[in-house]
Amino acid sequence: MKALRIHGAKDVRVDNVDDPEIKESRDIILRVTSTAICGSDLHIYNGSIPQPHPMTLGHEFMGIVEEVGKGVKNLKRGDRVVVPFPVACGHCLFCNHDLPGHCENSNPDHYGPEGGLMTEKGGALFGYTDLYGGYDGGQAEFVRVPYADFGPRKVPDNLTDDQVLFLTDIFPTGYTGIDWANVKGGEVVAIFGAGPVGIMAAKSAWLRGASRVIIVDTQQYRLDLAKKSARAEGILWDNQKQVVDEIRAMSKGYGADVCVEAVGFEPDRNLADRAKAVINLEKGSDKVLLACMSAVRRGGFVSVLGVYSSPFDNFPIHQFFDKGITLKGGQAPAHKHIDKLMGHVANGDVRLDDIISHRLPLSQAPHAYDIFRNKKDNCTKVVLKPGE
């Protein structure tokens with residue numbers, strides 16, 4: 001089969017590889033009909049999260065069931081399903097507490113309680129390096145899906161791939177940032193990052209009754225899309241002080257009730273940001289998180305959806321304490337929210353496919369990574385079609 005594999009930093013290729021096979025009784029083999037490139041994939045593509053040997057990328061995928069392991073009773077050949085991005089067993093302590101990203105059985109070689117840099121990581125993720133399970137991902141013609149009696153959800157016939165594909169990750173992730181903050185209605189929500197996750201967080205904020213949704217980005221075309229797709233008010237980032245001042249001015253001087261960090265440790269950076277990282281032996285930058293800490297009101301909530309893979313010096317714990325900020329982050333519990341969010345899509349409460357800027361065959365995946373990473377051709381979200 002054809003599969004998009006990482007071979008090194010900024011080196012992805014569509015290779016001929018062996019077809020996946022059933023290995024455990026709870027496996028299925030899925031023929032992938034749609035798959036997407038996620039911002040998190042770029043951390044591997046950039047070389048910021050290491051992968052020592054070729055691996056098929058991709059954790060946003062859906063398709064048709066081709067083979068079913070003997071232990072899977074709820075799916076059959078021909079079923080059309082969408083697959084949440086964490087690989088989770090469904091019955092361990094963490095899965096039983098709606099924390100599939102911390103599954104203690106899916107990542108046996110690298111799992112542990114510490115959460116270290118290169119050791120004792122969390123549960124497995126599709127296509128996300130050996131550290132997170134070593135499972136090949138879905139940017140391929142076929143993919144093996146473990147624990148398939150727990151993860152995949154059947155898709156109603158009247159919904160297209162484009163309508164439901166983002167139930168795999170970015171919609172549950174964006175929703176999680178709002179849910180963690182327990183948004184009940186009337187809140188001012190400021191979202192940092194007008195990429196796919198940030199826009200999904202904005203859509204989710206409206207679903208939960210926010211009174212005002214503000215989104216921050218360095219690219220005007222992304223702010224324009226956020227306004228069109230999610231009715232969000234845009235702030236073009238020039239510097240942290242300017243952004244914080246604008247958010248406070250839009251919230252009676254208090255700051256936002258909720259700030260959502262949807263960028264992570266690889267934001268757009270100037271020369272001074274890069275020099276600071278070198279001096280402090282840091283990977284990337286925490287400047288967006290620091291802006292969230294300033295822009296949130298006293299007693300407010302900061303949700304961290306962007307990936308952070310290394311420590312940073314001078315974290316403002318004094319500010320966290322003085323302002324009484326509630327801070328929460330991590331992998332989104334996609335399994336917890338996917339059924340409810342599927343209902344919102346089916347009912348027409350929210351539209352997900354209006355952020356897609358490019359639809360390309362799998363053969364053009366290297367080009368897709370280039371334009372997505374480098375924000376070429378106004379690229380916001382790429383959907384790959386392995387069958388084309």
Side-chain angles (χ1 to χ4, degrees), residues 39-40 43 84-86 88 93-103 113-116 120-123 125 132 169-193 195 197-205 207-210 213-216 247 251 254-265 267 284 286-312 315-338 340-341:
S40 297
H43 300 314
F85 74 95
L93 170 69
F94 297 101
C95 288
N96 286 336
H97 284 82
D98 287 327
L99 295 169
H102 302 279
C103 175
E114 181 68 17
E120 298 194 36
K121 308 301 284 187
L125 310 172
Y132 288 94
D169 176 6
I170 60 172
F171 187 28
T173 296
Y175 184 85
T176 293
I178 304 303
D179 184 66
W180 278 339
N182 197 27
V183 171
K184 297 179 179 178
E187 293 89 348
V188 175
V189 177
I191 299 160
F192 286 71
V197 169
I199 291 176
M200 291 298 165
K203 290 174 183 279
S204 300
L207 285 176
R208 293 288 291 258
V213 178
I214 304 161
I215 200 159
V216 181
I247 290 173
S251 53
Y254 293 113
D257 299 294
V258 179
C259 283
V260 178
E261 204 283 26
V263 177
F265 75 104
D286 61 347
K287 70 176 189 178
V288 179
L289 177 55
L290 301 185
C292 289
M293 301 280 282
S294 290
V296 74
R297 67 162 170 81
R298 288 183 170 276
F301 199 103
V302 175
S303 290
V304 185
L305 303 178
V307 172
Y308 284 88
S309 64
S310 62
F312 290 91
F315 181 80
I317 194 166
H318 65 289
Q319 187 181 39
F320 161 79
F321 182 84
D322 186 79
K323 292 181 69 173
I325 296 169
T326 301
L327 178 68
K328 189 165 183 177
Q331 300 292 351
H335 297 68
K336 176 181 179 180
H337 298 303
I338 188 170
K340 170 178 52 192
L341 299 181

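When a residue number appears, it is its place in the shown sequence, counting from 1.
- In summary, of the residues considered (V216, I215, I214, V260), a side-chain contact (heavy atoms from CB on, under 4.5 Å) with F192 occurs for V216 alone.
- The structure places CZ of F265 at 6.5 Å from OG of S310, a figure rounded to the nearest 0.5 Å.
- A side-chain donor-acceptor contact under 3.5 Å links R298 to the backbone of D322.
- Closest approach of S251 and V188 over heavy atoms only: CB-CG1, 4.4 Å.
- Nearest heavy-atom pair, G177 versus S303, reported as atom, atom and distance to 0.1 Å: O-OG, 2.7 Å.
- When every heavy atom of H335 is checked against every heavy atom of P84, the shortest pair comes out as CE1-CB, 3.6 Å.
- When each of L207, V189, V213 is tested with I178 by the rule side-chain contact (heavy atoms from CB on, under 4.5 Å), just one qualifies, namely V189.
- In this structure, T176 OG1 and F171 CZ are separated by 10.0 Å, a value rounded to the nearest 0.5 Å.
- Rounding to the nearest 0.5 angstrom, the gap separating the CD atom in E187 from the CG atom in N182 is 8.0 Å.
- With hydrogens and angles ignored, the 3.5 Å screen pairs a side-chain donor or acceptor of K121 with a backbone N or O of G116.
- Applying side-chain hydrogen bond (donor to acceptor under 3.5 Å, both in side chains) to Y175 and the options R208, K203, H337 leaves one that passes, R208.
- Counting heavy atoms from C-beta on, the side chains of P316 and L290 come closer than 4.5 Å.
- Atoms OG and CG, from S40 and D169 in turn, are 6.5 Å apart once rounded to the nearest 0.5 Å.
- Nearest heavy-atom pair across I247 and A190 is CD1-CB, 4.0 Å.
- Between the side chains of Y132 and Q331, not a single donor N or O lies within less than 3.5 Å of an accepting N or O.
- A distance-only check finds no donor-acceptor pair linking the side chain of Q319 to the backbone of I317 [under 3.5 Å].
- More than 12 heavy atoms of other residues, nucleotides or ligands shown are found within 6.0 angstrom of NZ on K340.
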**Request:** Would you sort out whether L289 and V302 count as a side chain to side chain contact (heavy atoms under 4.5 Å, CB included), showing the intermediate values?
**Result:** CA-CA 9 Å; L289 177 55; V302 175; 4.2 Å; yes

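- When all heavy atoms of F85 and A332 are compared, the pair lying nearest together is CZ-O, 3.6 Å.
- Taking all atoms of both residues into account, the shortest heavy-atom contact from C95 to A88 is SG-CB, 3.7 Å.
- No more than 12 heavy atoms of other residues, nucleotides or ligands lie within 6.0 Å of OH in Y254, so this atom counts as exposed by the packing criterion.
- If you run side-chain contact (heavy atoms from CB on, under 4.5 Å) between W180 and each of V258, L305, V304, only L305 comes through.
- Put simply, the side chain of M293 reaches to within 4.5 Å of the side chain of I325, judged on heavy atoms.
- With rounding to the nearest 0.5 Å, the separation of CG in D257 from CZ in R297 is 4.5 Å.
- Of the candidates D179, L99, L341, D179 is the only one forming a side-chain contact (heavy atoms from CB on, under 4.5 Å) with K336.
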